[in-house]
Structures are given as C-alpha cells and as structure tokens.
Number of protein chains: 2
Amino acid sequence: MRQVELRHLRYFVAVAEAGSMMAGARAVGIVQPALSRQIRELEEAIGTPLLVRRSTGVALTAAGASFLRDATRILTELQASRDRALRSAAGQLGELRLGVLPNYFPLPVVSDVLKAFRDTCPDVMLSIAPRLSSEQAAAIARGELDGGIMAWRQDVAPHLSGLRLLRDRFVLAMLSTPGQRVRAPRRLAELAGAPFIWFDPLRSSAQHRFLLEQCRRAGFTPRIAQVGSDIPTLIGLVAAGMGYAFVPESTSPMCPRTVRLVALDELASRFDVEFVYDGQADSPVVRRFLAALRTTVSA
Amino acid sequence: MRQVELRHLRYFVAVAEAGSMMAGARAVGIVQPALSRQIRELEEAIGTPLLVRRSTGVALTAAGASFLRDATRILTELQASRDRALRSAAGQLGELRLGVLPNYFPLPVVSDVLKAFRDTCPDVMLSIAPRLSSEQAAAIARGELDGGIMAWRQDVAPHLSGLRLLRDRFVLAMLSTPGQRVRAPRRLAELAGAPFIWFDPLRSSAQHRFLLEQCRRAGFTPRIAQVGSDIPTLIGLVAAGMGYAFVPESTSPMCPRTVRLVALDELASRFDVEFVYDGQADSPVVRRFLAALRTTVSA
DNA sequence: TCATGGGTATACCTGGAAGGCATGGCCTGA
DNA sequence: TCAGGCCATGCCTTCCAGGTATACCCATGA
C-alpha cells in the first residue's frame, strides 16, 4: 500500500474546506482530476472513504471529519516544528546547562550575564549547578554541561575554549581584631612557620600547586593547620583566629570586617576566571551565551 | 522552495536513529545517495542544517534534535489519525446526540438500549436531550441531533427513517378514590361533556389531532378544562380531580394509585414509539446504535 | 422531458522527481 | 601510509504527480 504524504493531507484539507474537488483544486493550484486521484489514493491508504461525492460537491464522512481535524493539526504542527528548528539553530530555544564555581556565583558580572542572557533568550531553559572547576571540565567533556564559569581552565581543561570574565589574584586573609593593631606582612617569607588554613588540595589541585610553589620560592613550606573545602569555610576559620588563608581577591565582599585581605608581591600574578565551553560542539545556545557575555564584560 | 513531505520526515528519523546515512538508507530500503539527497532537500526546506556530517556518521545539530522530536511525534500522530478515522468509520468513535421524548425516558427498553450501546461503543460520546417529537424531527433535519426516540414519526417527520421500539396506545386516566366506587366508562361517547385535561395542542399537535378526531367520531367535542404540557402534569391534574385525561398506556408506571387507567374501544389503535434518524446521513455511529437497538428490542 | 450546467471520474500523456549505480573525496584508525 | 567507512556528486532509469480531453451523473429549470 502506498504511503500517506503531506501532499495528501494538504489536498484533503483544501477539498474539505472548499466543499468540492473543483474549488479545492483551485485552492491548491492543480487541476481537478489530479486532485481527485490524490484524494482517492489517500482514502485507499487510510482504508476508508473520507468524502461522499455528490453532484453538488463533496461532504465529509464521519471518518473524514475525524481525519480533517487531525490532518489540520498535523499540518500546523509541521509548521511549528520548522519554526522550533530554526529557533533552535539560532540559539533561541533549547536549554543551557551551566556549572558555576561557587565562590564566583555572587560576582556582579556573573549575575549580569545571566540576566542579559535570560533577556535575549527567554525561551532557553537555563540550569545552573555549583561545581568545582575540575568537575565542570569533566562534565563539559562528557556533554553533561554546555559550559561553566571556572578558574584555572588551562590547568583542568586545556582542550576546552574559554572566554575571560575577569582577572583575579590571591590575597592573604588574616585576622584583624578592631582594637588590636597587627602589622600586615608585606612579603610571603614573613609567613614562614605561620599556621595556614588551606584549600582542600584534592578538590582544588591547581590552586594548591600554584600556592605551594609560591611559598616554596619564598623559601618555606606552609604549615597547614586546617583544610577547608570552600571559601566561606576558609574565611570563617581565619575569623576564628585559626590562622592565615589565601583567598581570591574577588571574594572580598563576603569577608567579615574582622578579616583583612592583604596583597602580597609574590602573589601579584593574576589568573583568569573564564566561561569555559566546548568550542568543537558549536552549540547555538552557547554562541548566544558568549555574545551576552562579551557585551556584559565589555560594558 | 520545495514542500516538506512525510517521506522526508521518515528518512530523517531513520537517519537520526541509525546514526548514519548508510544505516538509515538500509533501514528505509533505499540506497545511501538517494537518502543523502532527500535529507539535503529537507534541510533546505526547513532552512537550517539538521545534521553534521562526519566521517564516522552523522550527528544531530541543535535544530536537528528539535526537529527529530517533532518529526517522530508527527509520524506517530499520523498513525493515530488513521486509527481514529477507521474507528470513526466503524462507528466506534465520535458522538451520538439523541433526543428522547420525556415520557418514554423511564421505559426499560430505552435504558436497556442506551446501556447496550455504551457497552459496545464506550468511546462514543453520548448526549441525550429531552425533546418533543416535533422538536426532535426538526433538530435531526438540521443535523443538530443524530436521532431520537419519539412517537408519531409519520406525522412529524415522514421523511426520516424509524425503527420501532414498542407499540403504545392511549388510555383514559381518571380519578379513582379508594373508598368511592366509580364506574369506568367503556365507550368514548360516555365522556361527552366531561371535563378534560388536554395535551398542549401547540406542543403535541399530532396526538392532539388524533384524540380530537376520535372524540369527534364518538359524536362530541371534548370540553377542555385544563391544558398540560407533559404527562406528569396531566396525571397530577387528574389525581387532583380536575377531570379526565388521555395518556399513553406505557406511562402507567408513573401513575399514583389514585389514578386509574381505562382502555377504551375507540382508542384501541396503537401507535409506534420509534428510534428516528436520518437514513440518508449514513452515520456509522447511528448504524451502531441501530444494531444495539435491534438486539435489545428482539431480546 | 430535455437541455444546461456544475461537479466528479476515467483515460491517456508528459515532465520531473525519486531512486539506483558508479565513483570520487575525506576522515579515521591500524 | 594504506585500508576501510562514510558521505557527496553525476548520470541514468523508472515511476508518479499533474495536465488535457472527455465521459458521466445529477439537479435544476424552461
């Protein structure tokens, strides 16, 4: 048995709406005998008459009325499918799964770009998961995330593309009790032997290696008194007087007044906080996000 | 621009599911170059690439993933549309709008046939409207009802087809106070001058004419003391001692004990209570209902 | 009752598109 | 660097959608 084609549906709808083969043929731009044959073919494919032929035109059978509703809907759905495909290609439809390094979530540039993206692409479903840089890199490689905001991309994901959001650097976080005046160290070497609250080296190995290397160059190995897995923990421990910590300068807004951030010469070299994505994947939604990001960063 | 055809959708789905043009071509039973061309045509019709060609096969673009979902759905919907059309043609899907003469609603044969129909055609939406015979006939002619259960079809709708449910006749309803012994009339002529509660002649002109004619033949014109629009009203007025009434014998179950029904020789001629429908319309659902009706009546 | 006209079906033909075949180019992996 | 998949291109054949002419059917009205 021959297959039903959309042509059959288009013709059938035209005939049903026009009320006659003649008028339907005129509507679709073919001649009546050709249309009659196509309708007959459709009826054979469906397996039941859809029209009753009268000398005054055609009338729908019960099956025809049912099929007319369905055919009309299918035709409009095809049109909608095309529109959705085009919007998907333009990055205006779909989803964007992002990872964000938790300590950078509160940054204005992050919330700004998310807002800008939501404004330009309101129909893209945006999902944001807090993840460490290395976890993000792995998820992006596996296709489970479309991109993420992280630091130290060149260490954890050299094969992925990145667009810089900002440049950050490490500063020393130290206790600064209001009444008590404590001299801030100027050079790293002054901290030899001092107790440190350290990044969890397993979870943030890139920063770990960088900071260890800086201390080694300053001639000492830091005495690690505590380990913290995230920035608020580190800062909390500093505020509790447990020791010093190295934290990204951009996290200063979340420091209490009793914690003072001190820039050290040896830690002057900055590192990038980037939006990282798979440049090979060529996702239209990611392209849209990159555009939103560029305008936000340059503004 | 060429039109999209279902062939394109079938091919595209096959390719997407198979992961390569080669395998997709095998799946749909054509050779790979032919398939490649059809896919390209589809992409041109949609207006954006749906696949990325790799040497290992093909991968979906974002637009392709969107269109794949839609195309799959459209294809299954077409299948469902065909099924619905066939079920509509078989009278197993659709709606059946019936009118029922209110006094015949309580009859066992009516509820039996409705139940039988609902059992054989559970997916047909059944709507039942209480209507007088003449209203039913007009509504059926206008296509607002598919059929109805009425009396006096030959008077109100001679052009419509009918299938008899039962034969009824008129009897005299009269007051019969328990203690008081009243002689029942045997002949219509005995009722000359007696007060009658009469059918509303505007609403039930066929019965009106029949009963008037019988009285005229018996040599008198009934004295109409009251007019009632429905059977319960008539019976209620008889029970209230307002006079005599002619009611269909089949309505006896709804008479109180104080109302006695008396058969008169002149009213012996019976009339049909029929399921009435438009025999020209050839509705599958009505055919199903007729089948249910025939088995119910013969049982 | 017959002519007329609007509508549909049938027969036949033609052009174009779908599909088959052969082949070339490209990428990948051994 | 070669072999093997995979996709694209070019050409040919077949088949079918659509066009033309005409017959048929039925309702309407003179």
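Order of the sequence lines fixes the chain letters, A, B, ..., with proteins taken first and strands second; residue numbering starts at 1 for each chain. Note that the structure is predicted; figures quoted are calculated from it, not measured.
Ring-plane geometry between Trp152(A) and Phe210(A) is classed as tilted, the angle between the planes lying from 30 to 60 degrees on a 0 to 90 degree scale.
For the pair Ile39(A) CD1 and dC16(D) C1', the computed distance is 17 Å after rounding to whole Å. The CG atom of Leu9(A) sits 16 Å away from the C1' atom of dA17(D) (whole-angstrom rounding). The separation between Gln32(B) atom CD and dT9(D) atom C1' is 10 Å, rounded to whole Å. For Leu35(A) and dG18(D), the CG to P distance is 9 Å, given to the nearest whole Å. If you measure from atom CZ of Arg10(A) to atom P of dG18(D), you get 10 Å, rounded to the nearest angstrom. Remark: C1' of dT8(C) and CZ of Arg40(A) are 10 Å apart, rounded to the nearest angstrom. Here the P atom of nucleotide dA27(D) and the CD atom of Gln280(B) are 11 Å apart, to the nearest Å.
Salt bridge Arg10(A)/Glu5(B): present, at least one basic N to carboxylate O contact under 4.0 Å. Between Asp168(B) and Arg270(B) there is no salt bridge, since none of the side-chain N atoms of the basic residue sits less than 4.0 Å from a carboxylate O of the acidic one.
No side-chain donor-acceptor contact under 3.5 Å links Thr48(B) to the backbone of Leu86(A).
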Letter by letter from the 5' end, nucleotides 11-18 of chain C scores (B base, S sugar-phosphate only, - none; protein heavy atoms under 4.0 Å) -------S

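Residue pairs meeting the ring pair (Phe, Tyr, Trp, His ring centres under 6.0 Å) criterion with at least one member in residues 55-92 of chain A, sequence neighbours excluded: Phe12(A)-Phe67(A).
If you run side chain to side chain donor-acceptor pair (under 3.5 Å) between Arg2(A) and each of Glu44(A), His8(A), Glu41(A), only Glu41(A) comes through.
The stretch residues 51-64 of chain A comes close to DNA chain C through Arg53(A), Arg54(A), Ser55(A), Thr56(A), Gly57(A), Val58(A), each having a heavy atom under 4.0 Å from the strand. Annotation: proximity of residues 14-30 of chain B to DNA chain C (heavy atom, distance under 4.0 Å) is found for Gly29(B), Ile30(B), numbered in ascending order.
Heavy-atom neighbours of Gln280(A) CD from other residues, nucleotides or ligands within 6.0 Å: at or below the threshold of 12.
Remark: Arg294(A) pairs with no residue by the side-chain hydrogen bond (donor to acceptor under 3.5 Å, both in side chains) rule, at least two apart or across chains. The side-chain hydrogen bond (donor to acceptor under 3.5 Å, both in side chains) check on Glu17(B) picks up nothing, with sequence neighbours excluded.
Once rounded to the nearest 0.5 Å, the distance linking CE of Met150(A) with CG of Leu132(A) reads 10.0 Å.
If you check the side chains of Ser81(B) and Glu77(B), you find no donor sitting under 3.5 Å from an acceptor.
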